[in-house]
Amino acid sequence: MGVMRQATARGVLHFVAMLVSVVSGIVLARRLDSSSYALYQMIARRVDQLSALPSIIAGFWAYRYSAIGVKGVTRAYIVSVLLSGAIASSIAIALAIYAGASARDIIVLAAVSGFLWTMFVRYNAYTVALRPVFSELVATIRRVTYAAMVFGLVYLATMGLYGAFTAFIASSALGIALLIMSTRKWLSEAMCRSCLGEWLRGAYVPTISWAATMLAATDAAIVTALGGSYAVAAFFASTAALSMLIEILAVSLQHLTAYVLRTQDIETGLRVSRIAAFISAMVCGYAMARPESVIAIMNPIYVPASRALQIYAVGVLVTGIATPLTQVISGTDRSRAVKPGRTIIRLALTELTSSAIYIATLILALLLQNKLNPMEVWATSFLVRCLTRLTLVLRVADTLTRRSFLKNTATRAAIYIAIAYTLSITLTTPGYAPQFMDNALLLLRNLATVATIYTALILAIDFELRGIAMRALTTILKHQV
């Protein structure tokens, strides 16, 4: 299966899962109070990032080693996953106490959630190098199970935070079991003991990336301290839909580095970035034009954060085109851990620099400008981070890659989002409906209108995307015949 088909399959699977999980997101945002919602989101979104150093060090190199054909790395890697899970439990306990949780059972549930979720996320990220499509199928099964349990426990049984954590734990455990079953072939290989030593020697490269992630992950705690728990809940709820877009793109393209490592096919990788621009611009353009209907699908009480969503949307578009570019550049460096290449070192430093600027901007703005809306400050800081990261990544790229990206991807992204924004402003119904079903129908009608005309216009003016679409259609028809 080619990289385009793999990306499409992973994207479709994840999109289906995200549609199902929208239900769980809405239930949680509407059924949990602000403090419980903020606590749950911090455990679900931040614990893995803060605890993942052992598995990130091993996983960074295990992924690359597997992509270039090194045998016996899976057993070594799974030890690091267990260690990260243990660290995650400790961090989850600390965050729960910091967020004001006093009930012992809530703290225990948070700890178990952190352990299992970290294990699932880290092992699933590695299996992308082994079975890219099946790994996403497992992730989809886990997410569907989670959404069903949230609906049953939080909405129907009204178990609140207890139900949310129970669903999180059960679905994560299921995902881990399926991943282990699907990678038995690689787990049966003799452990690559030399790999362990090599990974330790090259540990500083993924450690830099982890430090960048850990630094950026302090954003929620900072805003909680300086802006209050409502600001955290409002930001997460208002940006949830576009955060899902970032996740879908990241998941779809997760195997792109492995593809370039194996083939050194840079042009195909850059072509993927243009497809990402097409998708991102349509969604972000609508969110910029009609943020109220997007936020209200989660909870109308967070509609005052509309301006924050508009700013955040620009950052999401930048992220959408920067992610595949970074993956491609990383794949051009085939060095091993005993002597990491200059390219992957510079990419890691790029992540650290952009995260440092992000947090510094966030803290300074919140401290020096007390009258500013904390959600808008947060969104602006996110945008600064995205632009900084893209600028620095382009400096790492070789001249031909940089010129191709700026000419063929960045230019397209600007044109695409201008078209999407204009169509959304002129052809869709403004505002939102207070009732969930009414707003859902409004949002679907608006998106359907924009998506149909936007796609037709882009395919009419962009011969490359038109060619990709025609080849995809031909393949589908051929398989049907």
[X] vs [Y] side-chain heavy atoms within contact, under 4.5 Å:
X      : Y      : answer
Thr257 : Tyr63  : yes
Tyr416 : Asp462 : yes
Thr411 : Leu406 : no
Leu270 : Asn408 : no
Asp265 : Val260 : no
Ile321 : Leu325 : no
Leu362 : Leu366 : yes
Pro54  : Ile87  : yes

Side-chain ([X]) to main-chain ([Y]) donor-acceptor, under 3.5 angstrom:
X      : Y      : value
Thr323 : Gly320 : no
Ser424 : Ala420 : yes
Ser280 : Ala276 : yes
Trp117 : Ala44  : yes
Ser24  : Ala147 : no
Trp199 : Ala337 : no
Thr127 : Asn124 : yes
Ser238 : Phe235 : yes

Can you tell me if [X] and [Y] form a side-chain donor-acceptor pair at under 3.5 Å?
X      : Y      : result
Ser171 : Arg142 : yes
Thr409 : Ser273 : yes
Ser80  : Ser55  : no

Quiz item: Which residues satisfy the ring pair (Phe, Tyr, Trp, His ring centres under 6.0 Å) test with Tyr432, sequence neighbours excluded?
Solution: none
Quiz item: Do the ring planes of Phe382 and Tyr358 sit parallel (below 30°), tilted (30 to 60°) or perpendicular (above 60°)?
Solution: perpendicular
Quiz item: So Tyr123 and Tyr77, would you call those rings parallel, tilted or perpendicular, with 30° and 60° as cut-offs?
Solution: parallel
Exercise. Determine, step by step, whether Met375 and Ser306 satisfy the side chain to side chain contact (heavy atoms under 4.5 Å, CB included) criterion, reporting the C-alpha distance in whole Å, the side-chain angles of both residues, the deciding distance to 0.1 Å, and the verdict.
Key: CA-CA 9 Å; Met375 288 87 78; Ser306 294; over 6 Å; no
Of all pairs that satisfy salt bridge (charged side-chain N to carboxylate O under 4.0 Å, His left out), the ones with a partner from [range], not counting sequence neighbours:
range            : answer
residues 327-340 : Glu198-Arg336
residues 213-231 : Arg46-Asp219
residues 125-137 : Arg10-Glu136
residues 225-235 : none

Practice problem: Could you check Ile56 against Arg122 for side chain to side chain contact (heavy atoms under 4.5 Å, CB included), going step by step and ending with a plain yes or no? | Solution: CA-CA 8 Å; Ile56 280 185; Arg122 292 302 152 188; 3.7 Å; yes
Quiz item: Should we say atom CZ of Arg466 is surrounded by more than 12 heavy atoms from elsewhere, each under 6.0 Å from it?
Solution: yes
Self-check item: Enclosure of Arg201 CZ (heavy-atom neighbours >12, cutoff 6.0 Å)
Solution: no
With rounding to the nearest 0.5 angstrom, report the [atom1] to [atom2] distance, [X] to [Y].
X      : Y      : atom1 : atom2 : value
Thr319 : Leu390 : OG1   : CG    : 9.0 Å
Ile78  : Leu83  : CD1   : CG    : 13.0 Å
Ile301 : Ile295 : CD1   : CD1   : 11.5 Å
Ile357 : Leu352 : CD1   : CG    : 10.0 Å
Arg271 : Leu465 : CZ    : CG    : 10.5 Å
Ile279 : Leu317 : CD1   : CG    : 12.0 Å

Quiz prompt | Contacts of Arg389 that satisfy salt bridge (charged side-chain N to carboxylate O under 4.0 Å, His left out) - sequence neighbours left out | solution = Glu351
Of all heavy-atom pairs between [X] and [Y], which one has the smallest distance, and what is that distance?
X      : Y      : result
Ala281 : Tyr454 : CB-OH, 3.6 Å
Phe236 : Ala220 : CZ-CB, 4.2 Å
Met298 : Ala240 : CE-CB, 3.9 Å

Quiz item: Among pairs that include at least one residue of residues 282-300, which meet side chain to side chain donor-acceptor pair (under 3.5 Å), considering only residues two or more places apart or in two chains?
Solution: Tyr286-Ser293, Tyr286-Asn446, Arg290-Thr428
Self-check item: Pairs involving residues 223-233, ordered by first then second residue, that meet side chain to side chain donor-acceptor pair (under 3.5 Å) (sequence neighbours left out)
Solution: none
Practice problem: Apply side chain to side chain contact (heavy atoms under 4.5 Å, CB included) to Arg402 and Asp398, showing your working. | Solution: CA-CA 6 Å; Arg402 181 167 56 251; Asp398 63 76; over 6 Å; no
Side-chain donor-acceptor contacts of residues 244-253 below 3.5 Å, not counting sequence neighbours, with atom names and distances?
| residue | atom | partner | partner atom | Å |
| --- | --- | --- | --- | --- |
| Glu247 | OE2 | His14 | NE2 | 3.0 |
| Glu247 | OE2 | Arg143 | NH2 | 2.3 |
| Ser252 | OG | Gly11 | N | 3.4 |
| Ser252 | OG | Ile248 | O | 2.7 |

Quiz item: Which is it for Thr326 and Leu347 under the side chain to side chain contact (heavy atoms under 4.5 Å, CB included) test, yes or no, and what are the steps along the way?
Solution: CA-CA 8 Å; Thr326 306; Leu347 286 176; 4.3 Å; yes
Practice problem: Please name all residues satisfying side-chain hydrogen bond (donor to acceptor under 3.5 Å, both in side chains) with Tyr126, sequence neighbours left out, ordered by chain then number. | Solution: Ser66, Thr74
Practice problem: Could you check Thr361 against Arg385 for side-chain hydrogen bond (donor to acceptor under 3.5 Å, both in side chains), going step by step and ending with a plain yes or no? | Solution: CA-CA 9 Å; Thr361 303; Arg385 177 192 183 190; over 6 Å; no
Self-check item: disulfide (SG to SG under 2.5 Å) partners of residues 194-232, not counting sequence neighbours, each pair once
Solution: Cys192-Cys195
Cut-off 3.5 Å, no hydrogens considered: what does the side-chain donor-acceptor table look like for residues 307-316, sequence neighbours left out?
| residue | atom | partner | partner atom | Å |
| --- | --- | --- | --- | --- |
| Gln310 | NE2 | Met288 | O | 2.8 |
| Tyr312 | OH | Ser243 | OG | 2.9 |

